[in-house]
Amino acid sequence: MVMARGQLRIYLGAAPGVGKTYAALEEAHRRASRGTDVVVGFVETHGREHTGAMIGDLEIVPRRTIEYRGASFTEFDLDAVLARAPRVVLVDELAHTNVPGSRFEKRWQDIDVLLDAGIDVLSTVNIQHLESLNDVVTKITGVPQQETVPDEVVRRADQVELVDMTPEALRRRMTHGNVYPPDKIDASLSNYFRVGNLTALRELALLWLADKVDEQLAAYRRDKDISETWEARERVVVALSGGEEGDTLIRRAARIAARSGADLQAVYVAGGDGLNGTGSTRHLARQRLLVESLGGTYHQVVGDDIPQALLDFARGVNATQLVLGASRRGRAAQLFSRGVGVTTTAQSGSIDVHLVTHEKVGRGSRRTGLPGAISRMRMIAGFALTVLGLPALTAIMHPWRDDLSLTTDLLVYLSATLLIALIGGIWPALVASLAGFALLDFYFVQPYNTLTIATREHLFNLLLFVLMAVLVAVIVGISARKTAQAAQARAEAHTLAALAGSVLRGDHPLQALLEQVRETFGLTSVTLLELGPEPGVGPGERRDPNDWRVVACVGEPCTSPGAAETDIPVGDELSLALRGRTLPASDRRIVEAFAVQSAVALRQERLSAQAAAMRPVAAADKMRTALLAAVSHDLRTPLASAKAAVAGLRNTAEMFSPEERAELVVTADESLDRLGRLVANLLDMSRLQAGVLGARPVPIWLEEAVPPALDEIGEPAAGVTIRIADDLPAVSADPGLLERILVNIIGNALRHSPPDRPPLVSASAHAGLVELRVIDHGPGVPEDAQELIFTPFQRLGDQQAGTGVGLGLALSRGLAESMGGTLLPEDTPGGGLTMVLTLPETGE
Amino acid sequence: MTRVLVVDDEPQILRALRINLSAHGYEVAVAADGAAALRSAAASPPDLVILDLGLPDMDGAEVIGGLRGWTDIPILVLSGRAGSPDKVRALDAGADDYVTKPFDIGELLARVRAVTRRRAAAEESPTVQLGDAVVDLSAHTVVRDGEAIRLTKTEWSLLEILLRNPGKLVSQRQLLHDVWGPAYEKETNYLRQYLAQLRRKLEADPSRPRHLLTEPGMGYRFRP
């Protein structure tokens with residue numbers, strides 16, 4: 001008898017403590033109550049009361065004890081469960097690594113054996129243990145995961161149930177002590193269990209379940225502004241030829257991209273002289289919209305060698321897959337040269353090339369032969385005219401052949417041939433001239449009705465006829481081609497202008513425009529240079545004609561037009577310097593248009609910058625007035641009391657008792673201290689606002705920086721708890737400024753903490769940033785007022801005079817930002833305020 | 001009597017310091033600029049110099065250099081709040097410690113006592129009390145709560161420099177130079193690691209050190 005494999009049901013959670021084990025136990029009870037034979041193979045309650053109680057009267061298979069390196073561990077006992085042979089077994093923590101000496105290395109392998117034995121298994125796993133998400137989770141949380149389980153183990157499960165809980169609810173559970181013992185709560189909340197972390201993990205869990213992780217990761221990264229963390233694994237480039245079939249290719253490429261969670265980029269290679277591209281503007285414009293609507297980007301590059309240009313682009317963007325259309329050319333054409341597809345495939349190296357068939361395969365593009373030459377229809381008409389018209393003409397002229405001189409005959413035939421040349425171009429005209437030669441010779445040159453020519457003069461006349469016919473046909477052909485080329489150049493320029501137009505509507509038009517030039521023409525750098533000093537110099541000043549200044553650039557900046565391969569002046573003061581290759585004259589025209597556009601974009605940017613600069617001035621003015629009023633009050637008060645005390649001592653010292661004298665001295669000293677603090681704050685604030693603070697960041701380790709700050713605060717800070725791991729990376733900060741911030745925010749926390757619950761200072765590292773948290777359990781600040789406390793002189797609930805001047809937090813935030821960090825308030829779960837100081841890790 | 005030379009261009013500061021120091025039993029000489037300070041120190045060598053970094057005629061570090069050319073008397077630097085680079089430069093030039101203006105006179109006197117005591121203590125007993133640990137610098141042993149504590153060679157070198165200069169703020173550069181060698185200037189993470197190890201071995205609460213103190217970005221100090 002073949003035993004049916006057991007069923008695996010997995011409870012998937014985003015983080016510890018969401019209630020997976022609890023849910024699994026619930027299910028076990030439910031099945032047991034229906035009379036199923038259920039046992040508990042292994043449950044880890046982590047000392048959580050509710051979970052422990054949930055086991056209730058379920059039968060527990062005793063754990064095995066294993067001796068390892070002198071310590072004893074208890075471990076899930078696979079053999080005991082197999083021997084017991086229940087219908088259903090609950091085995092917690094799928095990703096667990098067994099103690100060495102067990103039968104298998106991983107618990108999921110144990111479970112596999114149980115399933116093979118026909119036993120149903122209930123198990124649990126957290127999202128961070130899934131192998132494919134390991135990197136991502138580490139980058140989000142900053143905590144590397146040791147225990148992982150292959151995705152397919154979970155995917156293979158018969159049922160996966162998400163045990164979901166909102167981050168806020170989970171944090172609430174934690175503060176109530178339902179997850180970890182009390183002494184671990186604060187630290188956990190500020191490290192792993194930050195709302196941001198939990199939200200990210202929860203999203204990951206949901207996405208993974210929806211089987212869409214890859215696709216969404218890119219979007220996630222974009223939304224969270226994570227620039228240098230994980231890479232999307234794939235990038236698909238689709239090559240467009242400008243034909244109709246591009247739509248099919250783009251859709252196909254988008255499907256390939258979607259499957260592997262890749263970026264999609266479409267590229268069109270325009271001819272090297274900017275003229276001979278065969279693409280249709282109409283198709284390209286539509287395809288560009290299509291690509292963008294599918295979440296991809298559209299690019300255009302210039303290159304003579306299409307396969308090479310394609311591959312250069314693909315390598316440049318780190319493409320992993322390249323999608324090409326199968327050849328549009330007919331079988332005959334393929335005999336003479338290898339198509340783009342074949343050549344590209346041969347040279348693609350590590351990039352996978354997909355050749356996609358489409359409706360247009362083998363039908364040829366609509367324009368064949370010389371690009372832009374006379375159309376097929378006209379050529380057919382030309383041949384038709386040759387075949388039908390010339391005999392007809394001969395028939396009409398034949399009766400009068402003795403009345404007409406040979407000159408007239410020749411001119412009539414020449415006219416006919418020219419007509420054919422005009423209509424059908426060079427090939428029909430060539431045929432017509434030869435046919436005309438034969439007809440004239442046969443019917444109109446004596447002796448008649450033979451191909452023999454009697455006089456040399458007649459032969460000469462006939463040859464001249466052929467020569468003239470051919471020459472005219474060639475001229476007609478050339479002019480026709482020129483006309484077509486001109487039309488195409490217009491179309492090309494139109495495409496570029498349309499692209500540029502879309503670029504100009506973006507946020508940084510100038511930069512985007514230069515990037516467009518660089519990409520389109522395959523340059524290494526494009527620089528916009530301006531002559532002379534900043535605009536706004538007095539009219540009397542003379543400009544140094546060689547004093548070029550870089551206004552904007554992409555790639556390596558080029559500092560003077562002389563140093564560029566190509567430079568294109570725009571007016572007297574601007575010049576577009578291009579490096580990478582010398583542009584042919586034909587491209588220059590288009591680049592000139594770009595250059596003019598970039599000048600316009602520059603002016604536009606400057607105007608909008610001016611407008612933006614004016615806006616805060618008014619606001620700052622108002623703020624300054626308020627500040628001045630507040631400062632003059634806060635400065636004058638301590639000054640007055642110090643002056644009063646000292647003057648009293650100086651003039652009438654003999655009238656005071658020793659106690660009174662001492663009291664006056666203390667008053668003066670305290671007032672001067674206050675004054676000193678205020679002056680220092682104001683100085684730093686004004687330096688900060690003037691941008692001359694001169695922060696000099698050096699590597700600083702927080703566990704070394706916090707104790708001196710506590711010393712500076714003095715006696716009151718004795719109770720502050722520090723919980724900073726000494727393996728945290730160093731932050732890049734100015735030591736003096738960091739101390740000001742720490743003294744300020746820890747001082748604040750102390751002031752607002754109840755005496756029995758001193759503040760906690762903890763720190764953790766996440767994705768290149770180090771977060772220091774000062775957590776107090778005081779009254780807290782309502783969420784809508786949390787930003788208000790950073791406004792100067794906005795002491796919240798202004799009650800105690802003389803406890804600092806409402807400048808501290810504004811200054812601290814300014815100082816943090818001047819060092820590339822942030823200072824943000826947060827609610828302490830369970831009440832109170834948490835200040836989060838984030839500083840960048842040192843680069844070294 | 002301990003002779004103190006106070007150098008500052010502010011007459012009010014000079015006056016206040018002169019009165020305070022005299023009242024605490026110091027013999028005080030004053031100088032209003034760098035040149036006068038160097039002359040005065042050469043004419044009658046003081047036991048301690050209190051030097052303002054912002055002098056009208058020369059840079060504070062130059063004055064330190066001028067003094068260090070012939071004497072190793074303690075130099076205590078007064079500096080404005082801003083500008084930790086100035087302080088680091090002064091320390092590297094040979095200053096013993098710094099006090100930030102505006103300062104508490106009590107704190108200044110404590111620093112003065114710490115750096116002058118060092119000179120007295122340096123030649124004396126080879127054992128130093130560090131919290132509840134006793135360090136014997138000549139026998140190279142550390143005993144804490146009756147138990148011998150083993151230190152690595154590098155830990156010893158660092159600890160010895162700090163203990164031989166009680167109260168002095170020893171700059172990061174000097175520690176790196178003296179322990180690792182002249183090629184090391186920027187490897188401040190070494191210092192942090194070894195000091196963390198020393199604190200774990202010697203301090204009662206390593207996260208709140210009482211004796212082996214860090215001045216972030218500047219240097220380390222042994223506070224007896």
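Protein chains get the first letters and strands the later ones, always in sequence-line order, with residue 1 at the start of each.
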*Looking at B:P206, B:P216, B:G217, which has the largest count of heavy-atom pairs under 4.5 Å with chain A?*
B:P216
*Mark yes when over 12 heavy atoms from residues, nucleotides or ligands other than B:E107 sit less than 6.0 Å from its CD; otherwise mark no.*
yes
*Taking everything shown except B:Y184 itself, do over 12 heavy atoms lie less than 6.0 Å from its OH?*
no
*Say you draw a straight line from CD of A:E704 to CZ of B:R199; how long is it, rounded to the nearest 0.5 Å?*
5.0 Å
_Checking side chain to side chain contact (heavy atoms under 4.5 Å, CB included) between B:R208 and each of A:L710, A:D711, A:V706, which is the one that passes?_
A:L710
*Side chain, backbone, both or neither: which part of A:A730 has a heavy atom under 4.5 Å from chain B?*
neither
*asked:* Under 4.5 Å from any heavy atom of chain A, what part of B:D104 do you find: side chain, backbone, both or neither?
replied: neither
*asked:* Quick one, B:P209 and A:P707 - any side-chain contact, counting heavy atoms below 4.5 Å?
replied: yes
_I need the minimum non-hydrogen distance between B:S207 and A:I722, along with the two atoms involved._
O-CD1, 3.6 Å
_Taking side chain as everything from C-beta outward and backbone as N, CA, C, O, which of these in A:D669 sits under 4.5 Å from a heavy atom of chain B? Side chain, backbone, both or neither._
neither
*With a 4.5 angstrom heavy-atom cut-off, which part of B:R210 approaches chain A: side chain, backbone, both or neither?*
side chain
*Gap separating the OG1 atom of B:T214 from the CH2 atom of A:W701, nearest 0.5 angstrom*: 10.5 Å
